[in-house]
Structures are given as structure tokens and as C-alpha cells.
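Working notes for the structure below.
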Number of protein chains: 2
Amino acid sequence: MAFLMPGDSCDLHVGLLAEMDHSIQTITPASVATIDREAMDAIRDTHRGVAKAMYSAQLIDEGAMRAWITSMGRRASIERVAHLMCELYLRARNIGLVSEPSLALPLSQLLLADALGMTPVHLNRVLKELRIAGAMSLQRGSLLITDPEKLVQIAGFDENYLHRRLRRAS
Amino acid sequence: MAFLMPGDSCDLHVGLLAEMDHSIQTITPASVATIDREAMDAIRDTHRGVAKAMYSAQLIDEGAMRAWITSMGRRASIERVAHLMCELYLRARNIGLVSEPSLALPLSQLLLADALGMTPVHLNRVLKELRIAGAMSLQRGSLLITDPEKLVQIAGFDENYLHRRLRRAS
DNA sequence: CGTCACGTTGAACATTCTCAACCCGAGTGG
DNA sequence: CCACTCGGGTTGAGAATGTTCAACGTGACG
């Protein structure tokens with residue numbers, strides 16, 4: 001339902017619930033920082049500004065999930081794939097993770113297919129289709145966008161949806 | 001992506017963002033209460049307990065959205081329909097809204113199909129299938145569950161997923 | 001009585017899945 | 001060094017699932 005990249009945080013507030021309703025996995029070696037419950041409680045209670053910022057972050061995450069739902073419900077599989085690739089590419093670029101011309105994406109087709117709600121076999125064919133169309137190719141853990149415009153057009157990607165802005169402090 | 005019932009709240013915190021990334025509609029006449037931004041800010045800042053509770057509510061909503069994503073990605077359409085009906089039924093019952101033996105569900109097939117990510121035509125056929133199977137029937141805005149067990153079984157419904165609990169105050 | 005929104009149905013088609021096979025490169029034990 | 005295995009990736013063929021388009025029914029409402 002989501003892919004995290006270096007610097008992303010997740011589940012900052014699970015401490016409030018009795019149990020997790022989902023799980024998180026690393027798919028590469030990773031350094032993971034944790035914040036214990038007491039610390040989070042303290043931050044929330046004593047730093048109103050930070051608390052507010054965390055609320056906002058939460059809302060933005062929710063927006064991303066809504067986008068994901070739309071993707072699943074309304075987009076054909078090839079659009080879904082293209083869209084996710086656009087998103088991952090932009091996010092990676094925003095944190096300086098793209099080593100032009102390609103981006104390291106250590107995702108097995110199995111994983112991707114699952115995330116996108118389709119069969120590995122079908123994903124494979126879709127990737128092939130995108131490759132043949134000359135839009136992008138994903139091979140040996142590396143994403144190469146050969147024709148950005150075409151990819152964006154297939155995906156119906158709107159760059160703006162990643163940039164949810166905050167209301168200026170009143 | 002969600003259906004609200006009497007007493008449900010939504011978007012308590014949109015005040016934090018510069019713009020909405022989604023919309024809300026009434027599908028029946030409804031009384032809607034609004035809380036203005038200043039009041040919400042004040043509550044968040046001065047009532048830590050309430051703020052915490054609202055965080056939790058937010059997390060629970062998020063869980064619901066995750067469930068929705070799972071539904072879209074992994075369930076066949078008949079399962080999706082059955083699952084949503086189970087959920088709506090239980091939620092309605094929890095707030096005393098079920099007038100046995102049936103539940104008023106003022107949802108057009110158009111609306112439902114859109115929410116479930118399928119064609120109105122196909123939804124219609126799925127509903128017919130469920131009716132013929134004797135599990136439930138949805139007609140003239142009223143949901144009648146004729147064989148709860150069968151419906152639950154078709155849906156693969158786990159009653160527990162609605163009852164996310166909070167961590168007891170430490 | 002006409003209109004309009006919604007529901008229902010059929011038939012052809014497109015999309016996606018299933019199952020099964022095969023390929024390949026990286027590790028592993030003999 | 002070689003055969004083996006194993007986790008991906010790729011491909012084909014047939015079947016299931018879902019869509020499209022177009023028609024018709026039906027009740028509410030002016």
C-alpha cells in the first residue's frame with residue numbers, strides 16, 4: 001500500500017493503538033530509527049507546533065492512500081504501473097536518489113505485482129508492453145525511463161498530486 | 001472511498017492543509033455540523049486528551065482505508081460487494097440504524113459501482129448473483145440479508161476488523 | 001402522457017488470471 | 001569444476017472475470 005524511501009517515516013503514532021493492523025518490511029538493508037512511545041507522547045503534549053506538523057503529515061499520507069485507492073479502482077493495469085513508476089521516480093529524485101539516467105528500484109516483480117493488485121505474470125506482460133512502447137524499462141533492479149512524456153501520458157500522471165501544501169500559519 | 005453514517009465525523013483536521021484533495025457529498029438529506037478552524041486549533045492546543053483521541057480516530061480511519069485498498073486489490077467483485085454490505089450492515093447496527101429485518105441503504109447502483117471500482121452493469125449482475133444465491137438482496141434502497149452466514153462466507157468477512165481498540169492510557 | 005433517472009438484460013469484446021512450462025544467473029555441496 | 005537447486009523472470013494457451021454498447025423495462029414526477 002506504500003513504499004517508503006530513505007528519510008520517510010511511518011506509523012509515528014501507532015503507540016496510540018492497542019495493536020498494529022498492518023506490517024512493514026524492509027526490502028533492502030536499511031537503517032531504521034525508532035522513537036519510543038513515551039517520547040512521542042511527550043512531543044505531542046509539549047510541542048504544539050511539532051504536533052501540528054505531524055497531524056499534517058498524517059493528512060498527507062491519507063491523501064496518498066486515497067490516490068492509491070483511486071488507482072486501484074479506476075486505472076487499467078498499465079496505467080497503474082506507469083503511474084507508480086512516475087511517483088517513485090519523482091519521489092526518489094526529490095531526495096537526490098536518482099543516479100541518471102536510471103533509478104535503483106530493488107523491487108521484485110512479485111512484490112510490485114502484489115502492491116499493484118495484479119498477478120506477477122500479468123505485471124510481467126505489462127512491463128514488456130511498456131518496454132516495447134519505449135516508455136520505460138525495469139530490469140535488474142533498475143528503472144530506466146526512456147520516454148518521460150510517453151510514460152506520463154500513459155499514466156495520466158499529474159505531478160501536482162505529490163505536492164500537497166500546508167496552510168500558512170495564521 | 002468511504003461512506004459516512006449518522007454520527008460519523010470526517011476531515012476534522014483539513015484546516016491544516018491549504019486545500020482539500022477530495023470532496024464529500026450528502027446522498028440523503030442530512031444535518032451537518034461544522035467546526036471552524038480556530039475552534040479545532042484551540043482544542044488541539046489546549047485539550048491534550050481530546051487531541052490524542054482525535055489522533056487515534058485518524059489512525060482508525062487510516063486502517064479503514066487500508067482495508068479498502070486490500071479490498072480493491074485482492075478481492076473479486078462479488079467478494080467486494082458482499083464485504084461492503086457486511087461492513088455497512090454492522091456499522092449501521094452499531095448505531096441502532098437497522099430496522100429488522102432490513103436496512104435502509106439509499107445508494108444507487110451507480111454510486112455503489114463507482115465506490116467499488118466496477119461498472120454499474122457488472123454491479124447489477126453481481127447483485128443478481130447474490131440474490132439468486134440467497135445471500136442478500138438490495139432493492140429499492142433497502143438491504144435485506146437473507147443468509148448472513150453465506151454472505152459472510154462469500155465476503156470473507158472478519159468481524160474483528162471494525163473493532164480496532166485503543167491502547168489503555170498508561 | 002412524456003420524460004427522466006435508475007435498473008435490467010444480451011452479446012461481443014477486452015482484460016486479467018490460471019496453469020504450466022521453460023530460461024537464466026547466483027549460490028551450494030560434492 | 002560441475003551438477004543441482006532455487007528464486008526470479010518470461011512465454012503460451014485457455015478460461016474466468018469484467019467492460020462496452022445498446023436496448024428495453026419501470027416507477028416517479030411534472
Side-chain angles (χ1 to χ4, degrees), chain A residues 3 25-29 68-85 102-144 154-156, chain B residues 3 25-29 68-85 102-144 154-156:
Chain A
F3 290 108
Q25 284 188 1
T26 57
I27 54 181
T28 64
W68 202 286
I69 291 179
T70 315
S71 219
M72 307 256 57
R74 287 219 230 262
R75 275 198 262 269
S77 57
I78 190 171
E79 299 165 347
R80 238 165 28 236
V81 174
H83 200 271
L84 180 57
M85 292 306 136
S102 69
L103 159 64
L105 260 198
L107 297 169
S108 74
Q109 293 189 0
L110 235 84
L111 223 54
L112 263 180
D114 188 22
L116 292 165
M118 51 185 165
T119 323
V121 176
H122 189 53
L123 174 67
N124 183 286
R125 293 195 229 265
V126 168
L127 288 175
K128 184 179 173 188
E129 199 175 336
L130 285 167
R131 202 180 320 128
I132 289 172
M136 52 158 275
S137 86
L138 179 60
Q139 267 160 336
R140 259 163 281 110
S142 138
L143 169 67
L144 176 64
I154 291 174
Chain B
F3 290 109
Q25 283 189 359
T26 57
I27 53 182
T28 64
W68 202 286
I69 292 179
T70 315
S71 219
M72 308 256 50
R74 286 221 232 261
R75 276 198 261 271
S77 57
I78 191 171
E79 298 165 348
R80 242 172 17 241
V81 174
H83 201 269
L84 180 58
M85 292 305 134
S102 69
L103 158 63
L105 260 199
L107 299 170
S108 75
Q109 294 188 1
L110 234 83
L111 222 54
L112 263 179
D114 187 22
L116 293 166
M118 51 185 167
T119 321
V121 177
H122 189 53
L123 174 67
N124 183 286
R125 294 193 230 267
V126 168
L127 287 176
K128 183 179 173 189
E129 199 176 337
L130 285 167
R131 202 181 319 127
I132 288 172
M136 51 158 275
S137 86
L138 179 60
Q139 267 161 335
R140 260 164 279 110
S142 138
L143 169 66
L144 176 63
I154 291 174

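All values below come from the heavy atoms of this structure, side chains included, with hydrogens, waters and symmetry mates left out. Throughout, a chain's letter reflects where its sequence line sits, starting with A, and its residues are numbered from 1. As the structure is a prediction and not an experimental result, all values here were calculated from the model.
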Any side-chain N or O of Asn124(A) less than 4.0 Å from the OP1 or OP2 oxygen of dG9(D)?
no
Output the rounded distance in Å from CG (Leu110(A)) to P (dG8(D)).
7 Å
Minimum heavy-atom separation for Ser137(B) to Arg131(B), with atom names?
CB-CG, 3.6 Å
Would you indicate whether the side-chain heavy atoms of Arg80(B) and Ser71(B) approach each other to under 4.5 Å?
yes
Minimum heavy-atom separation for Phe3(A) to Ala115(A), with atom names?
CZ-CB, 3.7 Å
Where protein sits on nucleotides 13-30 of chain D, one letter per nucleotide: B base, S sugar-phosphate only, - none, heavy atoms under 4.0 Å:
B----BBBB---------
It should be established whether Gln139(A) places a side-chain nitrogen or oxygen under 4.0 Å from OP1 or OP2 of nucleotide dG9(D).
no
Considering non-hydrogen atoms only, spot the tightest contact between Ile154(A) and Glu79(A) and give its length.
O-CG, 3.4 Å
Worked verdict on Val126(B) versus Leu116(B) for side-chain contact (heavy atoms from CB on, under 4.5 Å):
CA-CA 12 Å; Val126(B) 168; Leu116(B) 293 166; over 6 Å; no
State, with a plain yes or no, whether a side-chain heavy atom of Gln139(B) is found less than 4.5 Å away from one of Leu144(B).
no
How far apart are the closest heavy atoms of Leu138(B) and Met85(B), and which atoms are they?
CD2-CE, 4.4 Å
To the nearest Å, give me how far apart CG (Leu138(A)) and P (dG9(D)) are.
8 Å
Side chain to side chain donor-acceptor pair (under 3.5 Å) test vs Ser77(A) passes for just one of His122(A), Arg125(A), Glu129(A), namely His122(A)
Distance under 4.0 Å to a non-hydrogen atom of chain B counts as contact; along DNA chain C, which nucleotides mark the start and end?
dG7(C) to dA11(C)
